[in-house]
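Remember, predicted model here, so these are calculated numbers, not experimental data.
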Amino acid sequence: QVQLVESGGGLVQTGGSLRLSCATSGGTFSNYNMGWFRQASGKEREMVSLTNVDGTSIYYGAFVKGRFTISRDNVKNTVYLQMNSLKPEDTAIYFCAASDVALPGALSSAYDYWGQGTQVTVSS
């Protein structure tokens, strides 16, 4: 069973950047499709970005609009989310998740393993 630990969140001004990391352990990282999700206060959890097991298929939520980049390092067992041009509406808790389902898609229910989340706050 894989464990996930996010880091890299924090407080940043509008237009700033953050790089989130999700370190995994306890499983074979290269067997897992990985995703970043976020949940703002009072809102449902939504998909931010997904990557398949080797990073050859990547998806982003419509709101990303070229500002974020997901990547994974199958040697370091880590997935990253580089976030640029941050906006106040990006304020949320960001979670990474892992799925060993072949095509998990964007539904959070398809992901069996979750980190504890890292807070991202973008001030205006």
Side-chain angles (χ1 to χ4, degrees):
Q1 182 169 334
V2 64
Q3 289 83 45
L4 299 85
V5 178
E6 302 96 335
S7 61
L11 174 64
V12 65
Q13 292 184 334
T14 296
S17 298
L18 286 173
R19 188 193 194 204
L20 305 185
S21 299
C22 174
T24 71
S25 61
T28 303
F29 181 68
S30 58
N31 288 347
Y32 292 93
N33 298 293
M34 300 298 297
W36 285 99
F37 293 78
R38 71 183 187 182
Q39 188 164 18
S41 180
K43 296 187 177 181
E44 294 186 354
R45 191 168 297 188
E46 63 179 346
M47 184 272 288
V48 178
S49 185
L50 309 172
T51 175
N52 69 337
V53 294
D54 59 5
T56 56
S57 293
I58 288 175
Y59 304 91
Y60 295 99
F63 61 87
V64 170
K65 297 181 180 179
R67 300 180 297 129
F68 299 174
T69 303
I70 191 171
S71 60
R72 65 186 295 160
D73 186 329
N74 284 359
V75 174
K76 295 183 178 179
N77 298 335
T78 301
V79 61
Y80 304 97
L81 184 68
Q82 176 67 42
M83 304 189 295
N84 300 326
S85 302
L86 284 162
K87 306 173 182 180
E89 51 263 45
D90 294 318
T91 295
I93 300 174
Y94 284 70
F95 300 89
C96 72
S99 173
D100 55 9
V101 173
L103 295 172
L107 293 178
S108 59
S109 57
Y111 293 77
D112 294 321
Y113 308 103
W114 291 83
Q116 82 288 349
T118 185
Q119 176 72 47
V120 171
T121 303
V122 185
S123 64
S124 57

For A98 and V2, work out which heavy atoms get closest and say how close.
CB-CG1, 4.2 Å
Heavy atoms of C96 and E6 approach each other most closely as N-OE2, 2.8 Å
Validation: residues 80-89 side-chain donor-acceptor distances under 3.5 Å, sequence neighbours left out:
from, atom 1, to, atom 2, distance (Å)
Q82, NE2, N84, OD1, 2.9
N84, OD1, S17, OG, 2.9

When you measure from the side chain of R72 to the backbone N and O of N33, does any donor-acceptor pair fall under 3.5 Å?
no
Contact check, side chains of D112 and Q1, non-hydrogen atoms, under 4.5 Å
no
Minimal non-hydrogen separation, T118 against G9, with atom names:
OG1-N, 3.2 Å
Would you mind reporting whether L4 and F95 have side-chain heavy atoms less than 4.5 Å apart?
no
Would you say the side chain of L107 lies within less than 4.5 Å of the side chain of M47, judging by non-hydrogen atoms?
no
G27 backbone acceptor or donor facing N77 side chain under 3.5 Å:
no
Go through the steps to decide whether V120 and R38 satisfy the test side chain to side chain contact (heavy atoms under 4.5 Å, CB included), and finish with yes or no.
CA-CA 9 Å; V120 171; R38 71 183 187 182; over 6 Å; no
For a quick test of reading the model, state the closest non-hydrogen atom pair linking S99 to A110 and the distance between them.
OG-O, 3.0 Å
Would you name the heavy atoms of W114 and S108 that are closest together and state the gap between them?
CZ2-O, 3.4 Å
Listing, residues 59-66 side-chain donor-acceptor contacts under 3.5 Å, not counting sequence neighbours, or none:
from, atom 1, to, atom 2, distance (Å)
Y60, OH, I70, N, 3.0

Between atom CZ of F29 and atom OG1 of T24, what is the distance when rounded to the nearest 0.5 Å?
5.0 Å
Side-chain heavy atoms under 4.5 angstrom apart, residues restricted to Ile, Leu, Val, Met, Phe, Trp, Tyr: same cluster for F68 and V12?
yes
Could you state whether Y111 and W36 fall into the same hydrophobic cluster, counting links through intermediate Ile, Leu, Val, Met, Phe, Trp or Tyr residues with side-chain heavy atoms under 4.5 angstrom apart?
no
With a 4.5 Å limit on heavy-atom distance, are the side chains of F37 and L50 in contact?
yes
Backbone N or O of T91 within a donor-acceptor pair of the T121 side chain at under 3.5 Å?
no
